[in-house]
Amino acid sequence: MKHIIQKSLLLVLLWIAFCLQLTGQTILKGIVSKIDENSKTTPVAGAILQWLGTHEGTFSAADGTFSIPKSTVTHQLVVKYQTFQNDTISVTSTQTYLEIIISGANTLDAVEISAHQGAYISVKPILTTTITMEGLRKAACCNLSESFDNTVAVDVEYADAVSGAKQISMLGLSGIYSQILFENTPFVRLLSNQFGLGFVPGTWMESISVSKGISSVTNGYEAITGQINIEYKKPETNTEKLFINFYGNSMAKGELNMNTRFKVKENVSTMFLLHTEGQFAKWDMNHDGFMDVPLNYQINAMNRWDYSVPGKFIGRVMVSYIWEDRRGGQMDYRDVGDLTVINPHWGMKIKTNKLDFITKNGFLLKGKDESIGTILAFTYHDNNALFGRRMYHVQQLSGYANVLYSNKYGSKDQHKITVGVSVQIDELQDKEDVVRVADLPFHSLNVNQEGHRFEVVPGAFAEYSFSIDEKFIIMPGMRIDYNFLYNQLFWTPRLHLKWSPVPNSSIRISAGKGYRTANVLAENISLLISNREFKFENNLQPEEAYNAGISFVQSFDMKGDKSAFAIDYYYTHFVNQTIIDLDRDPSKVYVGNLRGNSFSHSLQAELTLYPIKRFEIIVAYRFNSVWMTTNDVLQTKALAIPHKALLNLNYATKFDKWKFNVTLQFNGRTRLPNVTQTHDQNFSAFRLPDKSKPYFILNAQITKKLRAWEIYIGGENLINVRQSHPILGADDPFGSHFDGSIIYAPITGIMGYVGFRWNLK
């Protein structure tokens, strides 16, 4: 009866949210045309429309139409198109549609349209770096996990030596403390935490916005160390009638991507996105008997619809489905497909089925900047996994709804207020009990904290913003959420401040609080690639932390383009944290609430230079000092790299016919978990050093453009750095000392790749 009531509540809340759906951003739409030789007006495709003094822009579609969010910084819209003179249009606050006719060609024989910069810092009061589509193409960028090679703000590392999973960290802390959004909707969370970065194809993305520190209260209470918002290509602004990308590398991995868009009728358009990939060969470069990368096959598809009534209504619906089959382990492992038969070889198999439905619909109200909107999302995720003789089959059902009201006040729109309500509903259900293979039992993973979890968290929030000519912005916010699972009220205050004391400079300050609830097994599947026994010491309580930061950004002109220097510092302090203790005993994983202190300091400096046209230099350094109480001792966090540096060089010839990209990363020493503190003397043979060795990673890529074609060739890890003995006890995978979860360096060596892109506009 309890479960029936809970599921009924889920359906009721989702239905209420669905009935209220609206979205709240003021959109400027229109069409760009030109007058031809016969004095006829024809649409212009590929015209650049950009808000003056910002990097916010779009292109006109094949039929000349465009759609762009209104800027909060300026009312001046710049229009650029090939050899035509640039034009600047004043857009009033009440306008929602424009008809633009460009005329007056330049007398120049040729005009070079420079590409958008690969990344830029947003004018928002929250420190946000946006990686553009141009920046994503500086590397092969097969998925989201490979999109951060040119930044030190986000660390991406392999989670273990078998599954191929990658995990991120920000400010030195695990990626679970950062919120990953898809167009402002929570996306990579719970079961997606381990492999979700690989579920976001690189060719689908339009941009990635990385915000450091505490984020806005409008997106929830979870983001503590940062927020990553992914924007996909959109049918109403994308110019690609058909886009095809093929990729293949020297390790026998291949990918095929296809995007296509259609205009169904006026103000209604749709887009289909398809991604397929396969790892077709086994590799064992370190000769430990285990595959270095798993065999992996994935099909990922999305269909999105955009529709609107100009000046009144705008809506968007997105449906996506992912199927993946991932298999790894010993080179001689063969899946017998029968759990009653003992397999003599250690193997891993993970089957994933994931369905996402997201809709955003809304109305523009009578006020010039007044709107009401909602976001509604539903996720079904089935994860059926086997690790040696451990089975972990779990299903996730999640529902999310967010209803917002936004308006601006004052003669110069100095005051802005956003209020709303939201609800997050999550159900995790372990589908297996203890399973036996002949007389050998699987390790039981069905513990009280994880066997079944039904969590409902409704909340309300308000955020106020006051600005003076964009030189001074203060944005306090507060949200209140009630977690029914813990019967606990979450109070989440947050404050952001931006001040520009002189032109081209800005100082930002942020402070606030965040909460999250831990799902240990779902978020740490890589620990199952060991024979450690999980020990839950107490009933886990919600994690609670404070974060504060300050940053300074200075822009300056150089011969090539506007350059910038940025430096920031963030401090995170945990009131409570779920501690995953690997130091106490190498045969066990101790899980419990924080007993002692846990905090981190993060300092980063970055310099972006454009000494000549089309030549970009990025130099960055990041220092993290992360301390956590494990084994009853306050010590630096294991596997958290304190020092990291980056040098990125990018050069493009005229008209982007050739592009050259080189990235050199330095990763410093990191503390390794203690695997010898035990009474079992057998572990002494697998002793690890106290710290890892520092290493460099070198990546490079060359791109050649041929009209609608782009051909690219590149290499990763060109210095051939590899971690020796990534799997402890690889010769006895069913023994007590087997552990493949301690990874601090690349597993594979040099990898070359080649690919092509074809774009029909």
Side-chain angles (χ1 to χ4, degrees), residues 13 17 125-126 128 170-171 173-182 184-190 192-193 211-229 374-377 379 398-405 417-428 453-465 475-496 510-519 522-523 540-549 570-578 593-594 598 600:
L13 290 172
I126 302 174
T128 303
M170 291 182 69
L171 309 186
L173 296 168
S174 172
I176 58 178
Y177 299 108
S178 303
Q179 193 176 34
I180 300 180
L181 307 172
F182 166 56
N184 290 316
T185 305
F187 195 60
V188 178
R189 54 190 306 275
L190 297 184
S192 297
N193 270 310
S211 304
K212 300 178 70 172
I214 285 291
S215 64
S216 169
V217 296
T218 60
N219 292 320
Y221 55 84
E222 291 183 320
I224 296 172
T225 59
Q227 189 177 84
I228 298 172
N229 185 51
T374 68
I375 302 171
L376 174 68
T379 297
S398 292
Y400 171 78
N402 194 5
V403 183
L404 307 93
Y405 168 84
I417 185 169
T418 301
V419 296
V421 294
S422 67
V423 61
Q424 178 72 58
I425 304 173
D426 297 307
E427 181 181 41
L428 282 178
R453 176 188 290 264
F454 187 80
E455 188 173 11
V456 180
V457 187
F461 57 87
E463 188 173 72
Y464 167 74
S465 175
M475 190 172 74
M478 167 66 78
R479 66 175 299 131
I480 302 173
D481 299 88
Y482 188 80
N483 190 307
F484 281 95
L485 180 64
Y486 293 98
N487 292 321
Q488 184 174 338
L489 194 65
F490 295 166
W491 293 82
T492 312
R494 294 180 178 180
L495 175 67
H496 297 90
S510 67
K513 189 178 185 181
Y515 295 85
R516 68 176 303 275
T517 57
N519 294 273
E523 296 165 355
L540 300 181
Q541 297 300 312
E543 297 185 276
E544 180 181 352
Y546 290 91
N547 179 280
Y570 288 88
Y571 173 73
T572 307
H573 173 79
F574 282 91
V575 178
N576 184 51
Q577 185 179 17
T578 298
N593 298 308
L594 176 65
S598 179
S600 73

Under 3.5 Å, is there a donor-acceptor pair between the side chain of [X] and the main chain of [Y]?
| X | Y | value |
| --- | --- | --- |
| Asn184 | Asn219 | no |
| Arg479 | Val217 | yes |
| Gln424 | Val457 | no |
| His573 | Ala548 | no |

Test item: [X] and [Y] side chains (from C-beta on) under 4.5 Å apart, heavy atoms:
| X | Y | value |
| --- | --- | --- |
| Arg494 | Ser216 | no |
| Glu455 | Asn483 | yes |
| Glu222 | Arg189 | yes |
| Pro458 | Phe484 | yes |
| Leu489 | Trp491 | yes |

Rounded distance (nearest 0.5 Å) linking atom [atom1] of [X] with atom [atom2] of [Y]:
| X | Y | atom1 | atom2 | answer |
| --- | --- | --- | --- | --- |
| Ser398 | Leu428 | OG | CG | 7.0 Å |
| Ile425 | Tyr400 | CD1 | OH | 12.5 Å |
| Ile224 | Asn547 | CD1 | CG | 8.5 Å |
| Tyr546 | Tyr571 | OH | OH | 12.0 Å |
| Met475 | Leu495 | CE | CG | 8.5 Å |
| Met170 | Gln227 | CE | CD | 9.5 Å |

Query raised in the report: Are Glu463 and Thr218 linked by a side-chain donor-acceptor pair shorter than 3.5 Å?
Result: no
Where is the tightest heavy-atom contact between [X] and [Y], given as atom of each residue plus distance?
| X | Y | result |
| --- | --- | --- |
| Ser178 | Thr225 | OG-OG1, 2.9 Å |
| Pro542 | Asn576 | O-ND2, 3.0 Å |
| Ala545 | Thr572 | CB-CG2, 4.4 Å |
| Ala223 | Gly226 | CB-O, 3.5 Å |
| Ala518 | Glu523 | CA-OE1, 4.0 Å |
| Ser422 | Asn402 | CB-OD1, 3.7 Å |

Requested in this report: Start with the C-alpha distance between Asp426 and Arg453, add both sets of side-chain angles, then the distance that settles side chain to side chain contact (heavy atoms under 4.5 Å, CB included), and finish with yes or no.
Outcome: CA-CA 8 Å; Asp426 297 307; Arg453 176 188 290 264; over 6 Å; no
Requested in this report: Report the C-alpha separation of Phe461 and Leu404 in whole Å, then their side-chain angles, then the decisive distance to 0.1 Å, and conclude whether the side chain to side chain contact (heavy atoms under 4.5 Å, CB included) test is met.
Outcome: CA-CA 9 Å; Phe461 57 87; Leu404 307 93; 4.0 Å; yes
Report task. Name the orientation class of the two ring planes belonging to Tyr515 and Phe490 (parallel below 30°, tilted from 30 to 60°, perpendicular beyond 60°). Result -> parallel
**Report entry** Criterion side chain to side chain contact (heavy atoms under 4.5 Å, CB included) on Asn229 and Phe182, from CA distance to verdict
**Finding:** CA-CA 6 Å; Asn229 185 51; Phe182 166 56; 5.9 Å; no
Query - Within 45° cone and under 6.0 Å: Arg516 NZ/CZ vs Tyr177 ring - result: yes
Requested in this report: Go through the steps to decide whether Leu540 and Asn593 satisfy the test side chain to side chain contact (heavy atoms under 4.5 Å, CB included), and finish with yes or no.
Outcome: CA-CA 6 Å; Leu540 300 181; Asn593 298 308; 4.0 Å; yes
